[in-house]
Amino acid sequence: MNDEIKRIDELRSELHRHNYNYYVLNAPEISDRDFDFLMKELEELEGRHPEYFDANSPTRRVGSDLAQGFEQTPHIYPMLSLGNTYSIEDVDAWVGRVEQGLSGQKTAFVGELKFDGTGISLIYEHGKLIRAVTRGDGEKGDVVTDNVRTIKSIPLELQGSGWPDFFEIRGEIVLPWAAFNRLNAEREAAGEPLFANPRNAAAGTLKLQNSAEVARRGLDAYLYYLLGENLPYDSHYDNLMAARSWGFKISDAMTLLYSIEDVDKYINHWDKARRELPVATDGLVFKVNSLRQQLNLGFTAKSPRWAVAYKFPAERAATRLRFVSFDVGRMGIITPVANLEPVLLSGTIVKRASLHNDDIMRTLGIHEGDMLYVEKGGEIIPKITGVDLDARLPEARPVEFVTHCPACGTPLVRVEGEAAWVCPNKEGCVPQIVGRIEHFVGRRMMNIDGIGEETASDLFTHGFVKNPADLYSLTASQLDTIEGFAAKSAARVIEGIEASKSVPFERVVFALSIPYVGETTAKKVAKAAGSMERLMSMSTAELEAVEDVGPRIAATISAFFADEQNRQMVQRLADAGVTMALPEDANAEPLSDTLAGKTIVISGVFSHHSRDEYKELIERHGGKNAGSISKKTDFVLAGENMGPAKLEKASKLGVPVISEDDFLKMIGE
């Protein structure tokens with residue numbers, strides 16, 4: 001037994017070292033296979049000796065699939081924001097103010113990259129990570145230690161020597177471009193909304209309740225600020241170099257600067273070089289190097305005087321227009337798309353950018369072969385912002401919007417009062433048909449696993465599925481005839497189709513692709529109607545009486561169900577066993593009018609009821625649920641770990657925050 005305990009210690013130490021070599025130094029000493037063998041050996045030994053548990057063991061890097069809420073804790077030192085500058089002249093002016101504030105003392109500065117992620121505070125005691133806390137509202141944050149332990153570039157136990165017995169180090173949790181693109185590809189395939197940028201993805205990932213999913217996503221971290229009572233040096237730069245020797249990932253871009261000229265060169269260099277980085281950045285940070293001088297300069301109410309951020313302008317590039325194509329959506333709307341010579345923007349290659357509609361295309365005045373300005377500004381969706389008229393070719397002709405559907409040749413019609421041109425051939429235009437099938441099977445609709453855009457197209461091309469109702473006649477033998485469709489995949493699709501029959505009624509309504517009926521409207525319409533039979537017979541006046549359903553939406557719902565083909569499709573879905581009504585108790589009698597006229601926002605984790613149950617209780621007591629806090633919000637129902645941003649907004653707007661127990665007393669439960 002003593003030998004096994006000794007081996008556990010050896011393996012933990014060795015695996016910590018290999019993690020550092022791989023994720024921080026990018027210089028692995030052993031193969032992935034050998035690493036996995038060592039990890040498996042450690043897992044087996046720890047399983048035999050649970051009494052030797054260590055929260056910082058390398059085996060904890062994989063996370064846990066047990067969900068739990070986040071407790072909040074005050075920061076030891078407030079996490080203040082930095083003042084922003086947007087030009088070299090602004091940074092130079094800040095340097096001048098610093099030198100004036102220090103009465104002409106010789107001053108060195110440190111230039112750093114401003115990583116576009118989410119701030120983190122790490123607390124170490126006796127060389128071990130004991131707590132990780134998000135920035136929160138600057139005064140307090142959420143404890144996310146279990147999730148942070150899954151980030152392999154963050155040391156769980158320090159190496160080397162010379163660290164203080166207790167200290168804090170701050171940095172930024174980031175999602176590298178490669179991991180971000182992989183994650184968005186997975187979400188797109190699953191029919192889930194894409195993350196707008198790596199910052200949002202990193203912040204959302206760090207707050208997941210499932211640390212195993214956090215581990216899978218591949219977060220990284222760069223550290224940039226050491227705090228404590230017994231730091232090894234009196235300079236910011238030297239302290240960070242010491243932290244690097246202890247195992248922390250410190251950016252190689254951190255540089256000592258001794259003059260305004262050095263600062264300006266640093267800005268000019270990284271304004272271009274940042275495009276080659278593996279992670280997103282949105283600017284630079286400049287700090288006074290001497291801790292003594294930092295102390296002398298002090299703070300304003302919101303930020304330190306000894307540091308400033310320089311924000312990069314939105315990333316923009318000029319590239320040649322190859323041609324404009326016209327995409328046909330599932331509702332028949334025609335969208336012009338600029339197909340471009342590939343250009344690198346914010347870490348990704350941009351080849352296409354939406355021009356949205358005819359009016360926007362005309363406003364831009366795009367000609368064939370134009371040099372177009374493309375911006376991303378840190379967002380994932382690129383946009384065309386202008387044309388370089390000086391680079392226009394003399395013979396170039398204006399790009400004209402199409403008059404006929406590019407897929408089926410049907411003359412387009414203009415939607416009255418809107419910018420959209422639409423193909424009216426809904427039953428004969430292939431992209432519309434395939435798009436409706438793809439929408440129907442999506443995760444937030446019928447959630448039929450295994451059918452994406454390509455499979456939906458194959459099913460239509462082979463004649464197996466002409467409309468969503470045909471899915472319920474699909475057989476595994478039919479799927480076997482599609483090239484590349486394995487037996488296991490076919491079985492998964494058939495199982496998904498069978499499981500979709502129990503999808504709630506409101507999601508069935510959303511899945512039908514009724515024009516202008518999105519997820520929220522579908523839920524309200526389904527609740528008002530109660531059943532598909534009732535919905536199909538409702539007059540436009542009855543539909544207009546439903547909350548948030550105006551004349552246009554009411555008219556499109558009536559027109560949809562007036563179409564005999566749509567009615568037949570719905571009947572076939574009903575015959576297949578798809579849910580066609582709300583549960584009998586879904587529209588239960590109101591319990592009271594205690595909350596009549598009140599708009600309520602729910603936030604946090606609750607003990608007595610789930611969030612969905614509280615939403616239902618609010619509605620059954622006459623109240624209205626809202627997703628965000630505004631001046632119209634009457635109060636916030638707050639559980640454990642209410643988001644600090646919502647708490648701050650409620651405080652600013654004077655919106656009362658009610659606890660779970662007080663709310664239950666309010667409604668008499």
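These values consider heavy atoms only, across backbone and side chains, with no hydrogens, waters or symmetry-generated copies.
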Report the C-alpha separation of L340 and L372 in whole Å, then their side-chain angles, then the decisive distance to 0.1 Å, and conclude whether the side-chain contact (heavy atoms from CB on, under 4.5 Å) test is met. CA-CA 9 Å; L340 310 165; L372 302 181; 3.9 Å; yes
Atom pair [atom1] ([X]) and [atom2] ([Y]), whose distance is rounded to the nearest 0.5 Å:
{"X": "I173", "Y": "Y222", "atom1": "CD1", "atom2": "OH", "answer": "12.0 Å"}
{"X": "Y266", "Y": "D271", "atom1": "OH", "atom2": "CG", "answer": "12.5 Å"}
{"X": "L45", "Y": "D9", "atom1": "CG", "atom2": "CG", "answer": "10.5 Å"}
{"X": "Y233", "Y": "L291", "atom1": "OH", "atom2": "CG", "answer": "12.5 Å"}
{"X": "I600", "Y": "T633", "atom1": "CD1", "atom2": "OG1", "answer": "9.5 Å"}
{"X": "F180", "Y": "L183", "atom1": "CZ", "atom2": "CG", "answer": "7.5 Å"}

Under 3.5 Å, side chain of [X] to main-chain N/O of [Y], donor-acceptor pair present?
{"X": "N239", "Y": "L226", "result": "no"}
{"X": "E375", "Y": "T385", "result": "no"}
{"X": "R305", "Y": "F299", "result": "yes"}
{"X": "R135", "Y": "G119", "result": "no"}
{"X": "T118", "Y": "A202", "result": "no"}
{"X": "S290", "Y": "R292", "result": "yes"}
{"X": "T255", "Y": "A253", "result": "yes"}

Basic-acidic side-chain contact under 4.0 Å: [X], [Y]:
{"X": "R12", "Y": "E10", "value": "no"}
{"X": "E125", "Y": "R131", "value": "no"}
{"X": "D146", "Y": "R149", "value": "yes"}
{"X": "E213", "Y": "R216", "value": "yes"}
{"X": "K249", "Y": "D220", "value": "yes"}

Does CD belonging to Q100 count more than 12 external heavy atoms closer than 6.0 Å? no
Please check if the number of heavy atoms outside K311 that lie under 6.0 Å from its NZ is greater than 12. yes
For the residue pair [X] and [Y], what are the closest heavy atoms and their distance?
{"X": "G83", "Y": "V308", "value": "O-CG2, 3.4 Å"}
{"X": "R444", "Y": "E519", "value": "NE-OE1, 2.9 Å"}
{"X": "L208", "Y": "N147", "value": "O-ND2, 2.9 Å"}
{"X": "L82", "Y": "A307", "value": "CD2-CB, 3.8 Å"}
{"X": "P155", "Y": "S153", "value": "CD-O, 3.6 Å"}
{"X": "P232", "Y": "G162", "value": "CB-O, 4.4 Å"}

Hey, are the side chains of [X] and [Y] touching, using non-hydrogen atoms and a 4.5 Å cut-off?
{"X": "T134", "Y": "V143", "result": "no"}
{"X": "L42", "Y": "L15", "result": "yes"}
{"X": "I349", "Y": "V343", "result": "no"}
{"X": "P198", "Y": "V174", "result": "no"}
{"X": "N230", "Y": "F167", "result": "no"}
{"X": "V601", "Y": "L637", "result": "no"}
{"X": "V636", "Y": "P656", "result": "no"}
{"X": "V144", "Y": "V214", "result": "no"}

Could you tell me which residues satisfy ring pair (Phe, Tyr, Trp, His ring centres under 6.0 Å) with F312, sequence neighbours excluded, listed by chain and number? Y310
Please identify each residue that fulfils side chain to side chain donor-acceptor pair (under 3.5 Å) with [X], with sequence neighbours left out.
{"X": "Y77", "value": "E229"}
{"X": "D165", "value": "H126"}
{"X": "T205", "value": "R217"}

Stepwise salt bridge (charged side-chain N to carboxylate O under 4.0 Å, His left out) test for R274 and D116: CA-CA 12 Å; R274 66 190 171 103; D116 200 13; over 6 Å; no
Pairs meeting criterion salt bridge (Lys or Arg N to Asp or Glu O under 4.0 Å) with involvement of residues 81-97, two or more places apart: none
Take Y124 and F248, measure what side-chain contact (heavy atoms from CB on, under 4.5 Å) needs, and give me the verdict at the end. CA-CA 12 Å; Y124 285 79; F248 291 106; 3.4 Å; yes
Charged tip of R170 within 45° of Y225 ring normal and under 6.0 Å: no
Taking atom types as modelled and ignoring hydrogens, do the side chains of [X] and [Y] form a donor-acceptor contact shorter than 3.5 angstrom?
{"X": "S121", "Y": "E168", "result": "yes"}
{"X": "E660", "Y": "Y614", "result": "yes"}
{"X": "S57", "Y": "E46", "result": "yes"}

Could you go step by step and tell me if D142 and E71 meet the side-chain contact (heavy atoms from CB on, under 4.5 Å) rule? CA-CA 6 Å; D142 290 326; E71 65 171 303; over 6 Å; no
Close aromatic pair by centroid cut-off 6.0 Å: F286 and W306: no
Evaluate the ring planes of W246 and W163, with Trp represented by its six-membered ring, and classify them as parallel (under 30°), tilted (30 to 60°) or perpendicular (over 60°). perpendicular
Show, in sequence, the C-alpha distance, side-chain angles and deciding distance for V374 and K383, and conclude whether the side-chain contact (heavy atoms from CB on, under 4.5 Å) test is met. CA-CA 6 Å; V374 191; K383 59 182 178 181; over 6 Å; no
Identify each donor-acceptor pair in which a side-chain atom of residues 104-115 lies under 3.5 Å from a protein atom, sequence neighbours left out, and give them as a table.
residue	atom	partner	partner atom	Å
Q105	OE1	Q293	NE2	3.2
Q105	NE2	L102	O	3.4
T107	OG1	Q105	O	2.9
E112	OE1	K287	NZ	3.1
E112	OE2	H236	NE2	2.6
E112	OE2	K287	NZ	3.3
K114	NZ	D282	OD1	3.4
K114	NZ	D282	OD2	3.4

